[in-house]
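Values below: all heavy atoms of this structure, side chains included; hydrogens, waters and symmetry mates excluded. The shown structure was predicted, so the numbers you read here are calculated from the model rather than taken from an experiment.
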Amino acid sequence: INRINVKIINSANSENHTVTTDSRITLNEFKKKICDLVNQPVEETIVRRGNRSGLELKNGDATLKENRFINGTSLFL
């Protein structure tokens, strides 16, 4: 129930990844996890929902569920 797949699109090099994670972790925890995956510094990474010019996700203390992540959500770095 709490497992979701999130598609990660890295705008810097057009790499795509799909990450399975728990929707109860915070956005900051998830951001660290995906930055480790793509070898990109957390402090230099902006996470956007939907597309490259989509909404920037800033509430890092909220869970993925609170940020309305569902299975299949796409994020752009």
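A donor-acceptor contact shorter than 3.5 Å links the side chain of Lys31 to the backbone of Thr45. At distances below 3.5 Å, at least one donor-acceptor pair connects side-chain atoms of Arg48 with backbone N or O atoms of Gly54.
Linking ILVMFWY side-chain heavy atoms closer than 4.5 Å, directly or via other members, places Leu27 and Leu37 in a single hydrophobic cluster. Hydrophobic clustering (side-chain heavy atoms under 4.5 Å, transitive across Ile, Leu, Val, Met, Phe, Trp, Tyr) groups Val38 together with Val47.
Side-chain contact between His17 and Asn10 is absent, with no heavy atoms from C-beta onward closer than 4.5 Å. In this structure, Ser23 and Phe69 have side chains that are not in contact, with every pair of non-hydrogen atoms separated by 4.5 Å or more. Put simply, the side chain of Leu64 reaches to within 4.5 Å of the side chain of Ile25, judged on heavy atoms.
The CG atom of Asp61 sits 10.0 Å away from the CD atom of Glu66 when rounded to the nearest 0.5 Å. Remark: Leu77 CG to Glu44 CD distance equals 12.5 Å, nearest 0.5 Å. Rounding to the nearest 0.5 Å gives a distance of 6.5 Å between CZ of Phe76 and CZ of Arg52. Rounded to the nearest 0.5 Å, atoms OG1 (Thr63) and CZ (Arg24) are 10.0 Å apart. In this structure, Ile46 CD1 and Lys58 NZ are separated by 9.0 Å, a value rounded to the nearest 0.5 Å. For the atom pair CD (Gln40) and CD1 (Ile34), the distance works out to 8.5 Å, reported to the nearest 0.5 Å.
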For Leu57 and Leu75: C-alpha separation, side-chain torsions, deciding distance, then whether side-chain contact (heavy atoms from CB on, under 4.5 Å) applies. CA-CA 10 Å; Leu57 300 174; Leu75 295 181; 3.8 Å; yes
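Ile9 and Ser74 make their closest contact through CD1-CB, 4.2 Å (heavy atoms, listed as atom of the first residue, atom of the second, distance).
Around the NZ atom of Lys33, the shell of radius 6.0 Å holds more than 12 heavy atoms that belong to other residues, nucleotides or ligands.
A side chain to side chain donor-acceptor pair (under 3.5 Å) with Asn5 holds for exactly one of Thr73, Thr20, Thr21, Thr18; it is Thr20.
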